[in-house]
Amino acid sequence: METFTIEGGKPLSGSLRVHGAKNAALPILAAAVLAEGQFHIYDVPHLKDIEVMLRILTELGATTSHHEGAVSLDTSSISITHVPDDLMGQMRSSIFLMGPLLARLGEVTISRPGGCAIGERRIDLHLSGLSSLGASIHESEGYITFRADRLIGNNIFLTFPSVGATENIMMAAVLAKGTTKILNAAREPEIVDLQNFLNAMGARIRGAGSDTIEIDGVDRLRPVTYRVIPDRIVTGTHLLAAGLTNGHIELTNTMPEHLTALIQLVQSCGVEINTHHDIMEIKAHNRSRAIERIITSPYPGFPTDLQAQMMVFLSKAEGTSVIKETVFEGRFKHVNELARMGASIYVDLGSAFIRGVDHLQGTTVEATDLRAGAALVLAGLAAEGTTYVEQVHHIDRGYERIERQLQQLGANISRLDL
Ligand code: UD1
C-alpha cells in the first residue's frame with residue numbers, strides 16, 4: 001500500500017508544465033478504433049486509467065506503445081468485440097469503447113462498468129443514445145451486447161448533458177448513415193478536443209462546445225497525428241495548492257479559458273492570478289476570503305472535479321463558504337477526513353458549509369477517490385506537522401506522479417511503499 005508523507009506549511013514556488021488531459025485522452029484513444037492504421041498521439045499522461053485503456057486496445061487486437069507522453073497505436077488488426085471483463089471492471093471509461101467498436105465492427109459486448117466510488121454513475125443515456133442510432137441492445141447476466149449493421153443518424157436529446165454519453169454518441173455517429181443532432185449536449189473542453197480529433201480523421205462534426213452538436217456521417221476515417229489539450233483539473237489543483245500555501249508559482253501548458261469559473265472565484269478570494277497565452281502565474285500573500293456560494297454544474301459551471309480541492313482551499317479562508325454539489329451525490333467523502341485535520345465543515349442536503357479555521361493539523365487520512373485524494377494532499381501541504389495520505393492509487397488515476405509535480409514546486413512530499 002502506497003502512502004504520501006507530507007511536511008506541511010511550506011509555500012509552493014517555482015514553475016511546472018501541466019500534463020495532458022486524462023479526460024480528453026481517454027475518449028480520443030477509444031475513438032482511434034474508428035479507423036484502421038497508425039496513430040501518433042502526444043501529451044497522453046502516464047496514468048493508471050490510460051494504461052488500462054491501452055491494455056484493452058491491445059486485447060482487442062491493436063498494437064500500442066506509450067513513451068514519454070507519446071502513444072503509438074496501430075488499430076489495423078482490431079477484430080475482437082468483447083471488452084475484457086477484468087479491465088472493464090477497473091475503469092468506467094471503458095464504456096467509451098461502446099460507440100467506436102459498434103460503429104467499426106457492428107457489434108460490442110461489455111460488462112457493467114467499474115470506476116471511482118463517487119455515486120451511482122448510471123449509463124442509461126449511453127444506452128438510449130446508441131439505441132436511437134439503431135443499435136439493438138441485449139442485456140443478460142451482467143453483459144450488454146449492442147449490434148447494428150450500420151448505425152443511422154437521428155436527433156438525440158439528452159435529459160442531462162452527460163460528458164461520457166455525448167462523447168459515446170459522437171463516436172458512434174461519425175460513421176452512421178445520415179445526420180445526427182445531439183441536443184442538450186455536454187459542452188466540456190474535452191468534447192471540443194474529441195471533435196477536433198475526429199474531424200482531423202475526416203469526420204464532419206460541428207457545434208462541440210455548444211449545447212447542439214451536429215454530425216454528418218461519413219463512410220471512412222483515417223489515422224492521424226494529434227496532441228491532447230492540457231489537463232484543466234490538474235491545472236486547477238495546482239492553482240488552489242498555490243493559493244492555499246500562500247505560494248507563488250507559474251504553470252505552463254495551460255488553457256486559462258477552460259478555467260474561467262475557478263479563476264474568477266479564486267481571484268475574488270484575494271489570490272492574484274495572471275495569464276499570458278498558455279502560462280498562468282499564481283501569487284497569494286494573505287489569508288483568503290470565503291465565498292458565499294459555489295454550485296458545481298456542467299461546463300462552463302464550476303467543475304465537480306475541483307469541488308474537493310476548492311473545499312480545502314476554503315477550509316482555511318476567512319469566513320464561511322457554501323459549496324453545493326449537484327453532479328455526483330457521493331462526492332463529499334473527503335469531508336470526514338478533513339474534519340480529522342481540524343477543518344470545520346458541516347454537510348446537509350448536498351451542500352457543505354465550511355467555516356474557515358486558522359490552521360489544519362497533519363494526521364493520517366485516507367484517499368477514498370481520485371479528487372478527494374488530491375484534496376487531502378492539498379490539505380497536507382497547508383497543515384502543520386506531518387500528514388500521511390493513504391490509498392494513493394486513487395490519486396494516481398488522474399495525476400501523473402503528483403508527488404514529483406509538487407516536489408518541483410518545492411513541496412516536502414514523498415511516496416512510501418508500506
Ligand atoms: C466525466 C469525467 C469526470 C467528471 C464528470 C462530470 C471523464 C472520463 N470523466 O465523467 O471526471 O467528474 O464528467 O464533469 O471524462 N448520468 C446519467 N446517465 C448516464 C450518464 C450520466 O444519469 O448515462 C449522470 C451521472 O450519474 C452523473 C451525471 O450524469 O450524475 C454526470 O455524469 P457524466 O457527465 O456522464 O460524467 P462522466 O462522463 O461519467
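Note that the structure is a prediction, hence the values are computed from the model and not measured. Numbering of ligands and ligand atoms starts at 1, following listing order.
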- Of all the atoms in ligand 1, which lie at a distance below 4.0 Å from a heavy atom belonging to Gly164? 35 (O), 38 (O)
- Query: Under 4.0 Å from ligand 1, counting heavy atoms only, is it the side chain of Asp305, its backbone, both or neither?
  - Reply: side chain
- Task: Looking only at distances, please establish whether an N/O atom of ligand 1 is found under 3.5 Å from an N/O atom of Lys22.
- Result: no
- Query: Just heavy atoms, cut-off under 4.0 Å: does Val327 contact ligand 1 by side chain, backbone, both, or neither?
  - Reply: both
- Item | Glu139 CD: over 12 foreign heavy atoms closer than 6.0 Å | yes
- Among Gln307, Arg122, Arg397, Glu188, closest by any non-hydrogen atom to atom 20 (C) of ligand 1: Arg122
- Query: Do any N/O atoms on Val163 end up under 3.5 angstrom from N/O atoms on ligand 1?
  - Reply: yes
- Message: Tell me whether Thr3 contacts the main-chain N or O of Leu416 through its side chain, where contact means a donor paired with an acceptor under 3.5 Å.
- Response: no
- In ligand 1, which numbered atoms sit nearer than 4.0 Å to a non-hydrogen atom of Arg331? 12 (O)
- Is the closest heavy-atom distance from Glu190 to ligand 1 below 4.0 Å? no
- Using heavy atoms and a threshold below 4.0 Å, how should the contact between Glu167 and ligand 1 be classified: side chain, backbone, both, or neither? neither
- Nitrogen or oxygen of Leu125 less than 3.5 angstrom from that of ligand 1: yes
- Item | Side-chain (Gln408) to main-chain (Ser15) donor-acceptor, under 3.5 angstrom | yes
- Message: My understanding is that only one of Ile233, Leu306, Val266 makes a side-chain contact (heavy atoms from CB on, under 4.5 Å) with Leu259; could you say which?
- Response: Leu306
- Query: Under 3.5 Å, side chain of Asn154 to main-chain N/O of Ile156, donor-acceptor pair present?
  - Reply: no
- For ligand 1, which atoms have a heavy atom of Thr304 less than 4.0 angstrom away? 6 (C), 12 (O), 14 (O)
- Message: Using a plain distance cutoff, I'd like to know if Phe160 has any nitrogen or oxygen under 3.5 Å from a nitrogen or oxygen of ligand 1.
- Response: no
- Query: Short list, please: which atoms of ligand 1 are under 4.0 Å from a heavy atom of Arg92?
  - Reply: 39 (O)
- Note on the structure: Within 4.0 Å of some non-hydrogen atom of Ile123, the atoms of ligand 1 are 19 (C), 23 (O)
- Task: List every atom of ligand 1 that sits less than 4.0 Å from any heavy atom of His126, numbering the atoms from 1 in the order shown and giving each element.
- Result: 23 (O)
- Query: So, the side chain of Asp193 versus the backbone of Ile229: is there a donor-acceptor pair under 3.5 Å, distance only?
  - Reply: yes
- Query: Any N or O on Ser93 sitting closer than 3.5 Å to an N or O of ligand 1?
  - Reply: no
- Sub-4.5 Å side-chain heavy-atom contact between Ser288 and Lys316: no
- Message: Does any N or O of ligand 1 fall below 3.5 Å from an N or O anywhere on Arg371, backbone included?
- Response: no
- Query: Among side-chain atoms of Tyr399 and Arg371, is any donor-acceptor pair under 3.5 angstrom?
  - Reply: yes
- Query: Applying the side-chain contact (heavy atoms from CB on, under 4.5 Å) test to Ile95, which of Leu127, Ile123, Val83 qualifies?
  - Reply: Ile123
- Of all pairs that satisfy salt bridge (charged side-chain N to carboxylate O under 4.0 Å, His left out), the ones with a partner from residues 208-229, not counting sequence neighbours: Asp43-Arg227, Arg150-Asp219, Arg204-Asp216, Arg206-Glu214, Arg206-Asp216
- Phe96 N/O to ligand 1 N/O under 3.5 Å: no
- Query: Rounded to the nearest 0.5 Å, how far apart are CD1 of Ile273 and CD1 of Ile282?
  - Reply: 6.0 Å
